[in-house]
Enquirer: 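Let me give you the structure first, and then I'll get to my questions.
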Protein chains: 4
Amino acid sequence: MAKIRKPQQSRSKQTVTSIVEAGFIAVARDGSDGLGTRKVADIAGVSVGTLYEYFANKEEILDAMNQQFASDVVAMVQPLIPELTRMPPRDAVRTLQFAFRDLLQRDNGRYLNCARWLGRQFPSAHVEPVKRVLSDLAMQYLSHNPQYARLPNIPVMAYIIIQGGIACMVSQLSEDNPPVSFDQLAEGLADMVGYMIEGGMKATS
Amino acid sequence: MAKIRKPQQSRSKQTVTSIVEAGFIAVARDGSDGLGTRKVADIAGVSVGTLYEYFANKEEILDAMNQQFASDVVAMVQPLIPELTRMPPRDAVRTLQFAFRDLLQRDNGRYLNCARWLGRQFPSAHVEPVKRVLSDLAMQYLSHNPQYARLPNIPVMAYIIIQGGIACMVSQLSEDNPPVSFDQLAEGLADMVGYMIEGGMKATS
Amino acid sequence: MAKIRKPQQSRSKQTVTSIVEAGFIAVARDGSDGLGTRKVADIAGVSVGTLYEYFANKEEILDAMNQQFASDVVAMVQPLIPELTRMPPRDAVRTLQFAFRDLLQRDNGRYLNCARWLGRQFPSAHVEPVKRVLSDLAMQYLSHNPQYARLPNIPVMAYIIIQGGIACMVSQLSEDNPPVSFDQLAEGLADMVGYMIEGGMKATS
Amino acid sequence: MAKIRKPQQSRSKQTVTSIVEAGFIAVARDGSDGLGTRKVADIAGVSVGTLYEYFANKEEILDAMNQQFASDVVAMVQPLIPELTRMPPRDAVRTLQFAFRDLLQRDNGRYLNCARWLGRQFPSAHVEPVKRVLSDLAMQYLSHNPQYARLPNIPVMAYIIIQGGIACMVSQLSEDNPPVSFDQLAEGLADMVGYMIEGGMKATS
DNA sequence: CATGAATGAGAATTCATTCAT
DNA sequence: AATGAATGAATTCTCATTCAT
């Protein structure tokens, strides 16, 4: 039953890390077919057996990758919150986008490739912390800028901006000949949020 | 080498159709694992051998599915254009969204499931006609509503609306407990476009 | 679901046969480790894939072997019944034992090796027909020799003779230097049954 | 090469014991798949490394289990001999059977499970001492009851009774719905021996 | 002495593709 | 044209055994 060992020595902790690492490299290299256990083990420089010492199956590797992504997102957003809350919406959106792009492109586009190839099976679980930090950001932003609190449909608009915004960024960054540059996209999204807020404010005034 | 026959007789054409059909059914039933050649052949009611008479490999079936999707999109949008061009932006966006939802959900969510499970490998090729018809729609809309032609950044905004909008819809329709209803989403996107246009118009006036 | 094809062409029926055949050969050659899918496929002269066309898994091959054994036992006992019922008990037991030995040693000890190596997992299922034919034999013997019907404990004695007798034969035939010869064993068992009947008859007279 | 230590200290002896113990527990729990080195080591509460300090390989653990079984049989039979030699045959057989059943069922059916799952590979070696004690029993019985010494075929009959009797007991105790109870079986075997002796005596008188 | 991380050959099973009929 | 039997490389996962610490 309790067959998977939690790493107890520092050597084994390193092994776990290198396997997850290898998972990212494999996806980056070979797309959605890259997550073969053999391939991952090879890249990690360990044997298949070792891989299975720490992960019950293929799935769990993907889970670990997810988890790492989620915590990296949190680690990126969290410290930005104070800064963002002091910006006007447009600037905040722009700033967040560039930060997000950097995250997506970090380590040879590690996360970008996952989003690209693994689609829906990538952010399968572990999205909770991400939702929490984004929700936290929204809350703090509103309490620092209470004038926006009377905007209508905040949850819906947030859903659109987040889901749509991320999709746009992933799409743009993945395309070989993107019809719009990332800067244009960022500016566009910022404008869009700006207009939306201005429009929404007027509508409820 | 030139082994794949182009179907020239009606029976053959029917076979090809049923294979592509089977592809959709398979994905709907078994997700991303559904596209096994055996499974598809079984569902189509033909033998594996027959399948390979018409498709050189697995890939080509997916291609054909893509192609059908693309032409269905075109077939859906094309006839709507005259109607849409006569609507105010908000209504046009809303109408388009509902039409798109119907398309995604047609035949037991055939296309929705493809977008859901096959991710980026689904709209791999054959997007050209889709781009063309959307671009056509935009052109015609602008020539019927010339006042919007001076909006800034139309291509960028279109990119955002289309990529982001589709992603939002697919996401919303795929979720088990979506945090926002489809109607709310449609209204939100419509508002967003509305605000954007109003804002953009003012900015350039 | 219905993935395993029932052989429809004569070629495939031959394939199934040769796979089961190979199962027996493999066990005879390599003991309990012989039932590897690869090994069996090799011996059968087919590829692993082909093996899995007809058997869902390893288990099913063993099942088929069982089934064949069971039907061979029935085919051996059935036609002997008329003859056996006309013999005195001692002779009947002896005759049956030699028939059984021949069956166990047929085809290079095919069944003997299975009993030897696979132990309890061999006669896992499909024993029903065997039980039926033995019970049939007993019935017919008693109705032809009604004087024995008043023997006490017939079911218990039958259990002992059958289970014990088979175990003795398998054991004797498997040993490299058996302490008793098969003929001695046969004679001994026959005597034992004889004494038992005589004793039992006297006890109830 | 001479790597395996003979346990010389009491702690080591305890370790060896607990490993063999674990072997029995593992088989009882998981059947023939239970004898994995990992599993045994876990149950024994030692590491795999330690296991290999005392046993060169899996085989040797099984050997040790065999050996223990053999010595337990001897330890059970030996002290019964004086008592048994003073009983009439029927009682002696019955007594021995119940003693044997107790041994098979001891410690949650430890030995019964081994006989059940490991089949022929269980009493692989180390049967010599068992044979010796049984032969000793027979000798002593005959010298205390010399009237039976003129029975014909004593070795053959003994073979049948022992091999057949054990098989019957293991079979009966292993079955979920045994067609005969253990008591019936014991009585039946006792009767059988009784009849055999009576018959045999008469035959040679 | 003891540990447990690491190994890697090998097992079962799948699946895209080919080919004889 | 159509069939479906056959293929075999590739994949996931296991387990007896070794070895550095």
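Bear in mind that the values here come from a model prediction, so they are computed numbers and not experimental data. Every chain is numbered from 1 and lettered A, B, ... according to where its sequence line falls, protein lines coming before strand lines.
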Enquirer: More than 12 heavy atoms of other residues, nucleotides or ligands under 6.0 Å from CG of D:Asn108: is that the case?
Expert: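 Result for CG/D:Asn108: open.
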Enquirer: It should be established whether D:Ser12 places a side-chain nitrogen or oxygen under 4.0 Å from OP1 or OP2 of nucleotide E:dC1.
Expert: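 For D:Ser12, the contact criterion (side-chain N or O under 4.0 Å from OP1 or OP2 of E:dC1) is met.
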Enquirer: According to salt bridge (charged side-chain N to carboxylate O under 4.0 Å, His left out), does anything in residues 18-33 of chain D pair up with another residue at least two apart or in another chain? List the pairs.
Expert: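 Sorted pair list: D:Glu21-D:Arg110, D:Asp30-D:Lys39.
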Enquirer: Once rounded to the nearest 0.5 Å, what's the spacing between atom CD of D:Gln68 and atom OG1 of D:Thr17?
Expert: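 OG1 of D:Thr17 is found 8.0 Å from CD of D:Gln68.
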Enquirer: If I take atom CZ from residue A:Phe24 and atom CD1 from residue A:Ile61, how far apart are they, to the nearest 0.5 angstrom?
Expert: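 The CD1 atom of A:Ile61 is 11.5 Å from CZ of A:Phe24, to the nearest 0.5 Å.
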Enquirer: Between CD1 of A:Ile19 and OG1 of A:Thr50, what distance do you get to the nearest 0.5 Å?
Expert: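 Here the interatomic distance stands at 7.0 Å.
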Enquirer: On DNA chain F, check which nucleotide each of A:Asn57 and D:Asn57 is closest to and give me the residue with the more 5' one.
Expert: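 Its nearest nucleotide lies further toward 5', so the answer is A:Asn57.
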Enquirer: If you measure from CH2 on C:Trp117 to CG on C:Leu112, what distance do you get to the nearest 0.5 Å?
Expert: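 The CH2 atom of C:Trp117 sits 10.5 Å away from the CG atom of C:Leu112.
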Enquirer: Between the protein and nucleotides 7-9 of chain F, list the N/O to N/O atom pairs that are separated by less than 3.5 angstrom.
Expert:
{"unit_1": "F:dT7", "atom_1": "OP2", "unit_2": "C:Ser47", "atom_2": "N", "d": "2.9"}
{"unit_1": "F:dT7", "atom_1": "OP2", "unit_2": "C:Ser47", "atom_2": "OG", "d": "3.4"}
{"unit_1": "F:dT7", "atom_1": "OP2", "unit_2": "C:Thr50", "atom_2": "OG1", "d": "3.0"}
{"unit_1": "F:dG8", "atom_1": "N7", "unit_2": "C:Gly49", "atom_2": "N", "d": "3.4"}

Enquirer: According to a 3.5 Å limit on both distances, what stems of 3 or more consecutive Watson-Crick or G-U pairs are formed with DNA chain F?
Expert: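 Stems (3+ consecutive pairs) listed as E:2-21 with F:2-21.
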Enquirer: What nucleotide among F:dA6, E:dT14, F:dT17 has an atom nearest to a side-chain atom of C:Thr15?
Expert: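 The listed nucleotide nearest to C:Thr15's side chain is F:dA6.
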Enquirer: Given the rule in the side-chain contact (heavy atoms from CB on, under 4.5 Å) test, do C:Val20 and C:Gln67 qualify, once you have shown the distances and angles that lead to the verdict?
Expert: CA-CA 10 Å; C:Val20 177; C:Gln67 205 151 3; over 6 Å; no
Enquirer: So A:Phe69 and A:Cys114, do their side chains get closer than 4.5 Å, heavy atoms only?
Expert: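 Answer no - side chains too far apart.
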Enquirer: When you get a sec, tell me which of F:dA16, E:dA6, F:dT14 is the closest nucleotide to the side chain of A:Tyr52?
Expert: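 From the listed options, F:dT14 comes nearest.
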Enquirer: Between E:dC1 and F:dT21, how far apart are the two C1' atoms, rounded to whole Å?
Expert: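 Those two atoms are separated by 13 Å.
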